Structures are given as structure tokens and as C-alpha cells.
Amino acid sequence: MTTVPRFGQILTPAGRTVPLRVSYSAPFCLYQLLLSRTRQHSVGAAEPEPVWLEAVRTLSRVYLPLGPFNYLEFALASAESSDSIPARLEHQGAELGARIAEVVTANQTMYERSLWPRHQAELEIAIGGLAELLDPHKDALLEALACRLGVTEHPAGYEVHLVAECHEPTGAYSHPTVVSVQRFAGLALVETLVHELGHVLAHHAKHTGGSLWQELSKECWRRGRPRQFALQLFHLLLFHAGASVVREVVDRDYRPQAVEHRLFEKFSRVLGVTVDQAVLERHCATTGGDPRGAGASVVGLLDELLG
């Protein structure tokens with residue numbers, strides 16, 4: 001393993017909004033690749049290439065399909081009393097960390113000699129494109145996102161980790177915020193970044209009265225809709241918000257991913273009601289951080305969807 005990890009970043013400092021850092025590193029890209037192979041292997045979707053087989057076998061012993069917390073449950077299940085739990089969890093957690101470090105360290109040199117040059121080139125292209133867009137637009141993007149979500153306060157800062165291949169099939173996730181540059185490029189990468197930061201912002205403000213999530217959750221409960229309905233609808237609203245922010249701030253002609261990948265149809269099947277872009281445009285205008293705006297948009301939307 002190299003003594004200095006290959007690394008790149010852009011940092012847009014605090015201005016009208018909080019700082020945003022976007023970075024990548026070779027070890028984390030390798031971890032994502034190995035975990036992707038492990039997850040595919042665990043569900044029988046694909047066999048790993050021979051060069052990654054031993055690493056996948058090692059990770060498979062500790063990183064089960066449900067993730068690391070499932071592995072940590074072995075310690076809880078075997079604890080004889082509450083007093084014995086801390087020591088057992090510490091041992092189990094150390095084992096998990098040791099195995100992950102083991103496979104990343106063992107495969108770093110091979111990765112850097114084989115796939116890393118191409119991955120680093122892809123990441124540098126993505127970093128360069130984001131730098132051009134985020135330097136002039138970061139504050140406007142985050143301000144517009146907060147307005148769409150009915151939130152007035154950001155977390156202390158935002159951190160985004162770019163990778164070549166993401167272990168999540170969707171190509172991106174939040175907490176931590178990770179985005180694949182093989183899956184997303186150009187303005188689609190910007191939209192995905194904004195979408196995932198929307199999850200972070202919504203989580204930060206989940207107990208804030210008047211936020212879009214608070215109002216949606218409250219109104220769905222009042223109408224007897226299960227929490228899963230509220231979560232799925234909110235996720236679609238985040239897709240709409242992210243695309244709207246990119247169109248509003250960067251490019252009016254941008255084609256949203258929800259349209260490109262027919263997400264309105266997919267979410268409509270899950271929700272059991274028909275939701276299209278026109279419906280959301282009618283009811284999900286910028287709230288300006290005004291709780292009444294978020295509440296009114298939610299009531300109007302659910303009135304149209306549910307009658």
C-alpha cells in the first residue's frame with residue numbers, strides 16, 4: 001500500500017451557506033469496489049473476478065447482506081447480561097474493522113496498478129466539472145434546496161465522497177454521502193449530489209416544525225396513511241426538488257433523472273396512486289423556508305393524490 005493515499009478534493013468555503021467539500025481517495029474507492037463484489041456475491045448476483053475472490057471471501061465472513069450491524073448482533077445475541085454487552089461489542093467491532101482493513105491493505109497495490117489509473121482519471125474529470133459548477137453556484141444550490149424542503153438551518157457543513165464504483169446498486173447514498181462517477185456525470189452528477197444532500201438536510205431538520213418532511217409526515221398520519229407511504233412520497237419529492245434546484249440555478253433545459261429513468265411511474269406503482277411531474281409542479285413550489293408554504297403544498301398535493 002502506498003504511504004500517501006491518492007486523493008483529490010474541491011472545497012467551496014462558507015459564504016451565504018455552509019462549506020461543502022467533495023473528495024475522493026484510492027483506499028475508499030477500493031473499499032467500495034470490494035464491498036460491491038461482496039454484496040453481489042452474497043445474493044448470488046455475480047461471482048467475483050479471480051483476483052478479488054480471496055478479498056470477497058474474507059469480507060463475506062463479516063459483512064453479511066444486511067450490513068455490519070447484522071454482524072454486530074452476534075455479540076448481542078450471545079451476551080449473558082447487559083453488563084457483558086460492551087466488551088462483546090468491542091470485540092466484534094474490532095474484528096469487523098480488522099477484516100476490512102486487511103482486505104483493503106492486501107489489495108491496494110494491485111488496485112493501484114490495474115484499475116486505479118482509469119478510476120482516478122474518471123474522478124478527476126468529475127472533480128473538474130463539479131468545481132466549475134459549484135464555485136459559482138454552491139450557495140444558490142443549497143439555498144434553493146433548503147427552500148424546497150422548508151428548512152432554514154443547514155448542518156455545520158456538507159461532505160461528499162466520490163467513488164468510481166459504488167456498492168449501493170443505486171450508485172449513491174447518504175450518511176456518509178457517496179456518489180459514483182461511473183453512474184452519474186455532468187449535471188446528472190450535480191443533481192445526484194443535491195439529492196443526497198437533501199437527505200442529509202432533511203435528517204438534520206427532521207424535528208423542525210414546518211419542514212416539508214414534518215408536514216408530510218403529520219398530514220399522512222392524519223389521513224391514515226402508513227409511514228412507508230410518507231417515506232416513499234418524500235423520496236420522490238426529493239428527486240423533484242433536486243432536479244428543480246438544478247434547473248432553477250444552473251440550466252433551465254436540464255432533463256431530470258426522474259423523467260429520464262421513469263421514476264414517476266415506478267414510485268406511482270409503489271405508492272398505489274398516480275404521481276407525475278405536473279402534479280408536483282402544481283403543489284411543490286419553493287416554500288422560502290416558510291412553514292406555511294410547506295404545509296400548504298403538502299395539503300394541496302395530498303388532496304389531489306388521495307381525494
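This structure is a prediction, so every number in the text was calculated from the model and none was measured. Just the heavy atoms: all of them, side chains too, but no hydrogens, waters or symmetry mates, feed the values below.
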Problem set entry | Gap separating the CG atom of Leu306 from the CZ atom of Phe229, nearest 0.5 angstrom | 5.0 Å

For this session: Tell me, yes or no, whether the heavy-atom count around His175 atom NE2, taken from other residues, nucleotides or ligands under 6.0 Å, exceeds 12.
Result: yes

For this session: For residues Leu263 and Leu236, report the shortest heavy-atom separation together with the two atoms involved.
Result: O-CD1, 4.5 Å

For this session: Determine whether Leu237 and Leu231 fall in the same hydrophobic cluster, where Ile, Leu, Val, Met, Phe, Trp and Tyr are linked whenever their side-chain heavy atoms lie under 4.5 Å apart.
Result: yes

For this session: Taking all non-hydrogen atoms of both residues into account, name the closest pair between Val178 and Cys166 and its distance.
Result: CG1-SG, 4.3 Å

Problem set entry | Matching residue for Val279 among Leu305, Val273, Thr274 - test: side-chain contact (heavy atoms from CB on, under 4.5 Å) | Leu305

Exercise. Hey, are Glu80 and Arg88 close enough for a salt bridge, meaning a charged N less than 4.0 Å from a carboxylate O?
Worked result: yes

For this session: Side-chain contact test, heavy atoms from C-beta onward, threshold under 4.5 Å: evaluate it for Arg247 versus Pro256 and give yes or no.
Result: yes

Exercise. Taking side chain as C-beta onward, heavy atoms only, is Leu123 less than 4.5 Å from Cys29?
Worked result: yes

Exercise. When hydrophobic residues are tied together by side-chain contacts of less than 4.5 Å, even through go-betweens, does Leu271 share a cluster with Leu280?
Worked result: yes

Exercise. According to the interplanar angle, ranging from 0 to 90°, do the rings of Trp116 and Tyr111 count as parallel (below 30°), tilted (30 to 60°) or perpendicular (above 60°)?
Worked result: tilted

Problem set entry | Side-chain ion pair, Glu219 and Arg225, N-O less than 4.0 Å | no

Problem set entry | Within-4.5 Å side-chain heavy-atom neighbours: Phe184 and Glu191 | no

For this session: On the 0 to 90° scale, with breaks at 30° and 60°, tag the His235-Phe267 ring pair as parallel, tilted or perpendicular.
Result: perpendicular

For this session: Spell out, yes or no, whether Val270 and Leu301 are grouped together once hydrophobic residues are joined by side-chain heavy atoms under 4.5 Å, including indirect joins.
Result: no

Exercise. So, do Val103 and Tyr63 sit near enough that their side-chain heavy atoms are less than 4.5 Å apart?
Worked result: no

For this session: Verify whether one side chain among Glu281 and His240 offers a donor that lies under 3.5 Å from an acceptor in the other.
Result: yes

Problem set entry | Any donor-acceptor N or O pair under 3.5 Å, side chains His203, His199 | no

Exercise. Could you go step by step and tell me if Arg183 and Glu168 meet the side-chain contact (heavy atoms from CB on, under 4.5 Å) rule?
Worked result: CA-CA 11 Å; Arg183 180 69 66 87; Glu168 279 290 338; over 6 Å; no

Exercise. Transitively linked via ILVMFWY side-chain contacts under 4.5 Å: Trp213 with Trp221?
Worked result: no

For this session: Please indicate whether Glu132 has more than 12 foreign heavy atoms, meaning atoms of other residues, nucleotides or ligands, lying under 6.0 Å from its CD.
Result: no

For this session: Taking atom types as modelled, find out whether Gln40 and Ser36 have a side-chain donor-acceptor pair closer than 3.5 angstrom.
Result: yes

Seminar exercise, completed: d(Glu248 CD, Leu145 CG) to nearest 0.5 Å is 10.5 Å

For this session: Starting from the C-alpha separation in whole Å, work towards a yes-or-no answer on side-chain contact (heavy atoms from CB on, under 4.5 Å) for Ile125 and Val181.
Result: CA-CA 9 Å; Ile125 291 171; Val181 301; over 6 Å; no

For this session: Quick one: do Lys206 and Gln214 satisfy side-chain contact (heavy atoms from CB on, under 4.5 Å)? Show the steps, please.
Result: CA-CA 7 Å; Lys206 66 180 180 180; Gln214 275 278 324; 5.7 Å; no

Exercise. If two hydrophobic side chains count as joined below 4.5 Å and joins carry through other members, does Val275 share a cluster with Val259?
Worked result: yes

Problem set entry | Donor-acceptor pair between His119 and Tyr24 side chains, under 3.5 angstrom | no

Exercise. Are the side chains of Arg6 and Ser25 in touch, meaning some heavy atoms are under 4.5 Å apart?
Worked result: no

Exercise. Got more than 12 heavy atoms from elsewhere within 6.0 Å of CD, Glu102?
Worked result: yes

Problem set entry | Charged N-O contact under 4.0 Å between Asp276 and Arg282 | no

Exercise. Given the rule in the side-chain contact (heavy atoms from CB on, under 4.5 Å) test, do Tyr71 and Glu95 qualify, once you have shown the distances and angles that lead to the verdict?
Worked result: CA-CA 10 Å; Tyr71 178 71; Glu95 174 72 9; 2.8 Å; yes

Exercise. Would you say the side chain of Leu189 lies within less than 4.5 Å of the side chain of Leu130, judging by non-hydrogen atoms?
Worked result: yes

